[in-house]
Amino acid sequence: MMHSAPRKLRLTFFSFGILEQGGGFENYLLSTARGLAERYRDVAVSVNTMDPATVEKLQRLLSIYFMRRQDPRGIYRETYESVCARLGPEVSYHRSTTLRELTARLKDSDVIYAKNEVLELAVLQHIGIKQLPPVIVGVHTPIYYPHASSLSAHLHNVLYSGPVYRRLLQGTRSVEVNTADDLRLVQSRLRGVRAAVVRQAIALPELDMPPAEPGILRLLFVGRLTEQKGVDLLLAVARALAREHPGAYELRIAGSGDPAIMQQVQQLAGRNDAVAYLGHVPNEHIAEHYQWADATLIPSRFETLNKVAIETAAAGKVAVAADIPGPRAIIQHGVTGFLVPRHEAAFMACLARLITLKRDSPAALQTIGRAAYQRVREQFDPAAALAELYNDITATAGAV
């Protein structure tokens, strides 16, 4: 008597925006979806988004919300082919052209993992949470922005901490966060929501670090050129470096984003030979810039985790970051990197120290980088982190 194979648990990751955007959340989906599919053969994994034309329309609408033009070309930082290659053959990638098509794909699941943004939650509520499989909400956009200076950031804080957002979460099964800081935020601002910390799974290659040599300090900034990433502070620090330490550093800036901010970065690079603006660098080429650098700059106003701090550690390099949630969960100040107050003088004091170390004791910089690598390797061990997510998914499916 022949027995059919047991049916796999069907997990759907849902994001309105396409994976070709190439940001931190998109990279999380790419690595996590593939990791689950390869490690747990009893799970069928798919990623479902809307189609590029719909996402382009959304980008134009967001220009109203953010009160500045959003360039639709920014959603194509990666190619469709590179995204599919990174997902691997075990993961399906669907870009729905209609809400009806998306609804059908979501209903053909056992568990849905959705991004925590208002748009995704509003779509799920419009479809009808009660008509869908259980929904896990992953916090990849902060629910509260500290250091918020723009009107859109203030609106975000009001929206994501108030009754509208709590209503959008109604009917979802649980909220997953990446850090203890985010867990405290959710528990204090969204009372009654079931939340837990589930680590991200990050596989690190073996660390290849040639012997250190003295020289000028090589600095790198990687990220979207937006208010959130603190580009205003980055520019202030770059100008201060030119005044106080000419000839002692080089700075590469990689990223795209707000057109007005991109223009400011281009102007800075045009006036300062020590600064190079690289524009957007595809994910498959960014590793060579981490290898070039001695340290990265992370002047962000707010984060959930922080991809750059992790990638810096993966390369065995030193991160100098604002002391905010996200980097704070990754960096041990003075041991695996540096956490400093979010202002120019604090960054400059730390960079002056690193300039001296690179000139007089470059091996000391490498010691910090090695410690950063080891900490991240243990903290985001793929086997343990994917097991946490798998257990949450199977428990959610079993509770139905």
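- Closest of all the heavy-atom pairs between N272 and A242 is ND2-CB, 3.5 Å.
- Interatomic distance, OG of S96 versus CZ of F16, reported as 10.0 Å (0.5 Å rounding).
- Note that CG of L11 is 11.0 Å distant from OH of Y390, once rounded to the nearest 0.5 Å.
- Between A372 and T336, the shortest heavy-atom contact is CB-O, 3.3 Å.
- Within a 6.0 Å radius of CG in D360, more than 12 heavy atoms belonging to other residues, nucleotides or ligands are found.
- By the 30° and 60° cut-offs, the orientation of the rings of F338 relative to H333 is perpendicular.
- Remark: side-chain polar atoms of R77 are paired, donor with acceptor, to backbone N or O of Q21 under 3.5 angstrom.
- A salt bridge is defined here as a Lys NZ or Arg NE, NH1 or NH2 lying under 4.0 Å from an Asp or Glu carboxylate O, and E90 with R39 fails to meet this definition.
- Looking only at atom types and distance, the side chain of D294 has no donor-acceptor partner in the side chain of Y249 under 3.5 Å away.
- Note on R173 versus D392: no salt bridge recorded, every NZ/NE/NH1/NH2 to OD/OE distance being 4.0 Å or above.
- In this pair, Y93 and Y80 present their aromatic rings parallel. The plane angle is below 30°, not in the 30 to 60° band.
- Salt-bridge formation is not detected for the pair D108/R105: no Lys NZ or Arg NE/NH1/NH2 atom is positioned less than 4.0 Å from an Asp or Glu carboxylate oxygen.
- Y373 and I286 fall into different hydrophobic clusters, defined by Ile, Leu, Val, Met, Phe, Trp and Tyr side-chain heavy atoms under 4.5 Å apart, directly or through other members.
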Self-check item: Worked check of salt bridge (Lys or Arg N to Asp or Glu O under 4.0 Å) between D258 and K229
Solution: CA-CA 11 Å; D258 186 311; K229 298 300 182 182; over 6 Å; no
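- Using a 3.5 Å distance cut-off with no hydrogens or angles, the side chains of Y76 and E56 do pair a donor with an acceptor.
- Salt bridge D182/R328: absent, no basic N to carboxylate O contact under 4.0 Å.
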